[in-house]
Every structure is written in structure tokens, then in C-alpha cells.
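Atoms within a ligand are numbered from 1 in the order they appear, just like the ligands themselves. All residue numbers in this chain count up from 1 along the given sequence.
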Amino acid sequence: MSDFEPGFEGILGDSPAMAELFATLRRIAPTDCTVLLTGESGTGKELVARALHRRSGRADRPFLACDCASLVPTLLESELFGHVRGSFSGAVAAKQGLFEVAHRGTLFLDEIANISLDTQSKLLRAIESRRVRRVGDTVEREIDIRLVAATNRSLPELVAAGSFREDLYYRLNVVPLVLPPLRERPGDVPLLARAFLHRLQGRPTVVAADFSPAAMAVLEAHAWPGNVRELQNLVERLAVLCGAPRIEPWHLPVELRQPTPEAGPRPAALPTRWAEFKLYKRSAAAAVVDDLERRFLAAALDRAGGNVTRAAVAVGMQRTQLHALLRKHGLGAADD
Ligand SMILES: Nc1ncnc2c1ncn2[C@@H]1O[C@H](COP(=O)(O)OP(=O)(O)OP(=O)(O)O)[C@@H](O)[C@H]1O
Ligand SMILES: [Mg+2]
């Protein structure tokens with residue numbers, strides 16, 4: 001990390017909310033307290049979990065992350081607790097679970113809201129007894145782990161709705177940390193944008209080294225639904241694609257400069273010189289056409305029930321051409 005990056009373990013921010021978060025992280029990182037991270041997608045939950053581990057006495061032991069949303073209950077249980085050979089079809093060999101592998105380290109349970117009630121009770125038992133039993137096994141093994149859990153949903157609401165166990169919620173919610181969305185801390189945008197651009201300097205394809213004040217104003221005004229991840233991705237794209245040493249408003253995607261099509265770009269977002277305006281005009285027109293093309297394809301695919309071959313026939317295109325365009329626009333399609 002360079003001097004350019006104020007923050008905590010690579011987590012950047014100088015807004016009051018982030019300063020308070022860093023102070024809490026410094027205090028709790030060396031402890032064994034269970035931490036529950038709540039925040040929208042892209043706000044840095046995993047980054048915080050890893051920072052907690054690095055700043056703890058467990059730093060030289062494993063940090064293991066489990067995406068609880070990506071596995072069906074039986075596989076999740078075997079992932080967490082392990083299994084003995086033959087405990088279910090597919091269990092061809094015995095396997096250690098993450099609880100065992102993370103012994104003396106940190107276990108990061110990501111998307112914790114998505115686990116079934118049944119798995120929740122098994123998880124609660126493991127946390128309370130500090131022991132795990134592999135699926136199909138009779139032996140219990142002692143475990144010493146620090147737990148960090150994360151969710152982008154409100155666990156109290158899920159508890160009220162009956163889909164999350166209240167006792168497990170209290171077990172996890174020892175130190176609750178909320179990562180604020182970027183739109184609630186617009187003051188962090190310049191710092192983050194410059195730091196991300198700074199990290200890319202020296203790469204052969206990167207020309208841009210800074211943002212103009214007008215471009216930065218546009219970034220600060222954006223709502224960032226994808227939070228820091230969205231900003232980081234945009235900076236990486238701009239660094240390569242803008243082709244100029246300074247990023248200007250007209251290099252930014254139209255949707256950032258032009259919140260609603262009726263409103264048009266803000267005057268500050270328009271170039272003041274003709275040569276630049278010509279470039280701006282070209283990129284704005286391309287973006288509009290691109291958007292129309294995406295909507296045309298999405299509607300065609302929708303009418304064909306997601307079937308690419310049928311959609312291609314219906315609109316009079318080659319299937320391969322349609323397929324390539326769908327890929328370009330990131331439109332998923334069912335396989336024929
Ligand atoms: N405050 C920050 N400073 C620097 N980088 C950040 C910050 N917050 C997030 N990032 C970066 O943004 C990206 C997304 O962060 P991360 O994966 O931790 O988010 P998340 O909250 O776990 O998102 P999701 O819920 O989608 O999994 C990562 O590349 C991370 O390094
Ligand atoms: Mg994450």
C-alpha cells in the first residue's frame with residue numbers, strides 16, 4: 001500500500017463513516033470476536049473480512065471463505081463440516097470440512113442469509129459446542145476458529161419472517177459492522193477513483209493518469225448501485241479506453257453523465273472545444289445505438305422464450321451472429 005492510500009489494510013476511505021469503521025476494526029481485529037458484516041453488494045465485506053484476519057494473531061493460519069449461497073444444503077454441510085467416505089452418493093473419499101481446515105484461523109461465511117433452517121441449526125451447534133462432526137461420522141472434533149459472517153440482507157427482518165434462526169443471529173451478531181453504500185459517502189469517491197487509477201500506473205496499456213475536476217464531479221454525483229466494485233471496474237476500463245492523460249466527462253459512460261434521457265447531459269459534462277465535442281458526439285451516439293441494440297435483442301430473446309435458435313429465425317438473423325451479439329451485451333440465453 002502506498003502513502004497515497006489512507007485507510008486500513010487496503011480498505012480506502014476518509015468519510016466519517018469509514019473512519020469510524022477503521023477505528024472499530026483496529027480494536028476488534030486482534031480479538032476472537034465473531035463479526036457480522038452487513039452491506040450492499042460491492043461495499044467491501046470480503047475485503048474487511050480478510051483485513052480482520054491479517055490483523056489478528058491468526059494471520060499465519062488459514063483464512064477460508066465459504067459462499068453459503070452457491071451450494072445446496074447437503075453439499076454446504078459437507079463443505080463446512082466434512083464427511084466420511086460413503087456418507088452420501090458422491091462421497092467417494094473422506095473429506096475435511098472448512099471448520100477443520102480453518103483450525104486456529106478464520107472462517108468467512110459469506111451470504112449467510114441464504115442457508116437453510118436445517119443447516120442453520122447444525123451451524124449453531126458447531127459454534128456453541130466448538131466442535132464439529134463430519135457428515136456420517138460419530139467422532140466430534142474440537143475446533144478453534146474465528147468466525148466472520150457477511151450478508152447483504154437484513155437478518156433481523158429474516159428472523160421476523162421466520163427464515164433465520166434468532167439464536168443463530170445473536171451468536172453471529174457479536175460485533176455488527178455495517179458497510180455504508182457508496183452513495184451515502186460521496187466524499188470517498190475521489191479518493192477511491194484516484195487510488196484505483198494510481199494502482200494501474202505503469203501498465204503499458206494505461207495512458208490516463210488523472211481525472212479532470214468536471215469528470216470527478218460527475219463521478220461524485222453518480223449513485224453507484226454496484227458500489228465500490230462498480231467504481232473500480234469503471235476506472236479500470238477508463239484507464240485503458242480513454243486514450244488521454246486526463247479523464248474528462250465525455251470519456252464517461254453516457255448513463256453517468258445523463259441520469260435520464262430527457263434531462264440531457266449537464267452543461268458541466270459537455271466539452272467546451274469543438275474537437276472534443278466531435279469525439280463526445282461519436283461516443284454518445286454509439287452508446288445510444290448500443291442501448292437500442294441491447295433492447296432489441298432482449299425483446300427478441302424474450303419473445304422466443306429464451307431460445308436463441310428460435311429468436312434468430314424470428315428476427316431473420318444467423319444464429320451465430322445473434323449468439324455473438326447476445327454475448328457482447330451480456331444477455332444470458334438458455335441453451336437450445
Ligand atoms: N473501501 C474500499 N477500498 C478499496 N477497495 C474496495 C473498498 N470496498 C470495496 N473495494 C473493492 O471492491 C471490490 C468489491 O469488494 P468486496 O468483494 O469486498 O465486496 P462485497 O461486499 O463482498 O460484495 P458482494 O456482496 O457482491 O460479494 C473488491 O475488488 C474490493 O477490493
Ligand atoms: Mg463478497
Side-chain angles (χ1 to χ4, degrees), residues 1-26 28-29 34-55 63-71 76 79-80 98 102 106-115 147-155 157-158 164 172 175-201 203 206 211 216 219-220 222-240 330:
M1 193 171 68
S2 71
D3 296 342
F4 191 74
E5 303 189 344
F8 178 79
E9 287 286 318
I11 313 165
L12 306 171
D14 56 10
S15 55
M18 293 305 277
E20 198 181 309
L21 176 76
F22 299 148
T24 313
L25 291 177
R26 282 197 181 88
I28 60 162
T34 300
V35 177
L36 177 62
L37 301 167
T38 308
E40 289 177 15
S41 182
T43 48
K45 296 183 293 295
E46 178 150 359
L47 200 60
V48 168
R50 289 180 186 277
L52 283 170
H53 175 71
R54 274 201 308 276
R55 285 292 196 101
F63 171 93
L64 291 172
C66 178
D67 178 1
C68 300
S70 67
L71 296 170
L76 177 61
E79 180 79 2
L80 291 174
L98 294 177
T106 305
L107 180 58
F108 176 47
L109 298 176
D110 203 1
E111 311 280 0
I112 190 80
N114 295 60
I115 63 180
L147 264 188
V148 180
T151 176
N152 54 17
R153 304 179 59 188
S154 157
L155 288 189
E157 276 175 26
L158 296 177
F164 203 85
L172 298 175
V175 179
L177 292 180
V178 177
L179 299 183
L182 196 49
R183 66 182 167 281
E184 286 177 12
R185 44 183 170 112
D188 280 345
V189 170
L191 168 72
L192 287 164
R194 290 204 181 93
F196 291 144
L197 190 58
H198 186 77
R199 285 179 189 176
L200 301 169
Q201 298 307 302
R203 295 208 191 164
V206 171
F211 298 85
M216 196 58 95
L219 296 183
E220 278 179 83
H222 184 54
W224 301 109
N227 293 297
V228 184
R229 181 183 289 116
E230 183 189 355
L231 174 60
Q232 187 171 19
N233 289 343
L234 174 67
V235 172
E236 282 174 12
R237 222 165 55 228
L238 287 171
V240 175

Would you say ligand 1 has an N or O under 3.5 Å from any N or O of V228? no
Consider side-chain contact (heavy atoms from CB on, under 4.5 Å). Of V175, L155, V178, L177, which one does L36 pass it with? L155
Salt-bridge contact E46-R50 (side-chain N to carboxylate O under 4.0 Å): yes
Can a non-hydrogen atom of G42 be found less than 4.0 Å from any atom of ligand 1? yes
Test your reading of the model: is there a side-chain donor-acceptor pair from T106 to the backbone of A102, 3.5 Å cut-off? no
I want to know if ligand 1 touches L12 in the polar sense, i.e. an N/O pair below 3.5 angstrom. yes
Give a yes or no on whether a salt bridge exists between R203 and E236, defined as a side-chain N under 4.0 angstrom from a carboxylate O. no
Check F108 against ligand 1 and report side chain, backbone, both or neither, counting heavy atoms closer than 4.0 Å. neither
For ligand 1, which is the ligand I care about here, please tell me if L192 has any N or O atom under 3.5 Å from one of the ligand's N or O atoms. no
Can you find an N/O atom of K45 closer than 3.5 Å to an N/O atom of ligand 1? yes
To atom 30 (C) of ligand 1, the nearest of M18, R229, Q232 on a heavy-atom basis is Q232
Pairwise side-chain contact, L234 with W224, heavy-atom cut-off 4.5 Å (strictly under): yes
Below the 3.5 angstrom mark, is there an N/O of E46, backbone or side chain, next to an N/O of ligand 1? yes
Is there a polar contact between ligand 1 and N152, counting only N or O atoms under 3.5 Å apart? no
If you have a sec, work out which protein heavy atom is nearest atom 16 (P) of ligand 1 and how many Å separate them, to one decimal? G44 CA, 3.7 Å
Testing the 3.5 Å rule here: is there a donor-acceptor pair between the side chains of N152 and E40? no
Closest to atom 5 (N) of ligand 1 (heavy atoms only, candidates L179, L47, T38) is L47
For the pair D110 (side chain) and C68 (backbone), establish whether a donor and an acceptor sit closer than 3.5 Å, ignoring hydrogens and angles. no
Value for CE (M18) from CZ (F8), rounded to nearest 0.5 Å, stands at 11.0 Å
Contact between ligand 1 and G10 is defined here as a heavy atom of the residue under 4.0 Å from a ligand atom; is it met? yes
Distance from T151 atom OG1 to I115 atom CD1, nearest 0.5 Å? 10.5 Å
Got the closest protein heavy atom to atom 26 (O) of ligand 1, with its distance? S41 OG, 2.5 Å
